[in-house]
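Data first, discussion second: the structure below is written as structure tokens.
Order of listing sets the numbers, starting from 1, for every ligand and every atom in it. What you see is a predicted model, and the numbers here were worked out from it, not measured in a lab.
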Amino acid sequence: MKKAIITGITGQDGSYLAELLLSKGYEVHGIKRRASLFNTDRIDHLYQDPHEKNRNFFLHHGDMTDSTNLIRIIQQVQPDEIYNLAAQSHVAVSFESPEYTSDTDALGTLRILEGIRLLGLEKKTKFYQASTSELFGKVQETPQTEKTPFYPRSPYAVAKMYAYWITVNYREAYGLYACNGILFNHESPLRGETFVTRKITRAISRIKLGTQNCLYLGNLDAKRDWGHAKDYVEMQWLMLQQDEPDDFVIATGVQYSVRDFVNVAANELGIEIQWKGTGVEEKGYDAKTGKQIVAVDPAYFRPTEVETLLGDPSKAKQTLGWVPKITFDELISEMVAADLEFAKRDLLCKKNGFEVIERHE
Ligand code: NDP
Ligand code: GDR
């Protein structure tokens, strides 16, 4: 039985990857940081009671900022594969907490790689690094490939650039099987509520049921290449099953704007949006009721923005035989359906006298 460690197991990708590895017969060890609440909603369906015999799913307390703890877990598990998904992953938040983001996302990656080396596991343990299309930042060519130069535009992206290169360096210096997956945005019903896609599907569902009045957004013109997280974790696994380690762009090759995303999500619920005004004055109205349901709030603008990203996944298609299966429309449909269920639950609470907070983050 192969053993894998997943850092960031409580996150969106951690959950889908754990499911995938368990379905392939792996023993999965997730690293979870201590929180004042359980914070295991995304992996509760995989939970196994510590008293059970023959378990294949384990959680360890750990933190990317704590080397000794990471090394101890690697030593104890002796993994065949490590998937380093843990990160302060929110670009806007990285402008508010740049030092913490660097410690976790950049040095955290080094700590794991050093752990593998110090424990003499260079020939046993394969390493996957969650690299990102944010590395391309202010894009130098379109579409972006593995050869496109990097131009990071946030503390998050700069930290991830260190992580990218330290992964390449340990591969070249110590012969580690270490890979970077340069993943473009990928979403799902498990996406964090403050990333733009989930913020939109959640808000539109609540607006439909009357538990929210307005969706406040930042840059409506930002363009992204959005895929489904379930598709993308399969590639993370595939990258560690090859003869030689390498780096791959993972994307759909199709691009939409934030405004497009809002339109498709609203259409899913039978809402047609009429857009009026430009820039910070742009507003979206429900064509049927005339009610304003979308507004621009400059608080969501970033000090330096990544305006456009579009990936070319040809290398992954050729080498890994990987193709994304879930389309943009199917992704949004699944996200809206899931958020509509949450909105129905909120409505029920509201009707029974419980407070339902309209959060804007
Ligand atoms: P999430 O934000 O959903 O999950 C991040 C995970 O990292 C959570 O489990 C979080 O724990 C954990 N984490 C954060 N800080 C620490 C820390 N100091 N120590 C230990 N664990 C920590 O991200 P995704 O699942 O969406 O993304 C996975 C990885 O892929 C990230 O590295 C991200 O930067 C990268 N990526 C994501 C893309 C995307 O579109 N989703 C695209 C390209 C790259 P907690 O639950 O406690 O917060
Ligand atoms: P991103 O994702 O920054 O690409 O990083 P996010 O969904 O946060 O933003 C995408 C684009 O939408 C614009 N935008 C808004 N974004 C948020 N969060 N909230 C808003 O209200 C809003 N309005 C407009 C943003 O300015 C941006 O242009 C994600 C993360 O998962 C990273 O960890 C990962 O590396 C990259 O994707 C690839």
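Heavy atoms of Ser133 stay at 4.0 angstrom or farther from ligand 1. For the ligand labelled ligand 2, residue Phe301 lies outside the 4.0 Å heavy-atom shell.
The heavy atom nearest to atom 33 (O) of ligand 2, considering only Ala157, Ala130, Ala92, Ser89, is found in Ser89. For atom 41 (N) of ligand 1, the candidate residues are Gln88, Arg191, Glu187, Gln129; the nearest heavy-atom contact is made by Arg191. The residue among Thr132, Ile31, Thr10 with a heavy atom at the shortest distance from atom 8 (C) of ligand 1 is Thr10. Considering Glu305, Arg224, Arg191, Lys223 only, the shortest heavy-atom separation from atom 29 (C) of ligand 2 involves Arg191. Nearest to atom 31 (C) of ligand 1 by heavy atom, out of Leu85, Thr65, Asp105, Leu37, is Leu85.
The shortest contact between atom 36 (N) of ligand 1 and any protein heavy atom is with Tyr156 OH, 4.0 Å. Distance from atom 25 (O) of ligand 1 to its nearest protein heavy atom, with residue and atom name: Asp13 N, 2.8 Å. Residue, atom and distance of the protein heavy atom nearest to atom 6 (C) of ligand 1 are Gly8 CA, 3.6 Å.
The shortest N or O to N or O distance between Arg302 and ligand 2 is below 3.5 Å. Between Val91 and ligand 2, not a single N/O pair is under 3.5 Å apart.
The backbone and the side chain of Leu217 each have at least one atom closer than 4.0 Å to an atom of ligand 2 (non-hydrogen atoms only). Contacts with ligand 1 closer than 4.0 Å are made by side-chain heavy atoms of Arg33 only, the backbone lying farther away. Contact annotation for Ala35 and ligand 1: no heavy atom of the residue comes within less than 4.0 Å of the ligand. Residue contacts with ligand 1 for Lys160 involve side-chain atoms from C-beta outward but no N, CA, C or O (heavy atoms, distance under 4.0 Å).
If you number the atoms of ligand 1 from 1 as listed, the ones under 4.0 Å from a heavy atom of Tyr100 come out as 15 (N), 16 (C), 17 (C), 18 (N). The atoms of ligand 1 that sit less than 4.0 Å from any heavy atom of Ala130 are 29 (C), 30 (O), 32 (O), 35 (C). Proximity to Gly11 (heavy-atom distance under 4.0 Å) selects the following atoms of ligand 1: 3 (O), 4 (O), 8 (C), 9 (O), 25 (O).
Under 3.5 Å, the side chains of Tyr26 and Trp237 contain a donor-acceptor pair of N or O atoms.
Of the possible donor and acceptor atoms, one in the side chain of Asp225 sits under 3.5 Å from a partner among the backbone N and O of Gly253.
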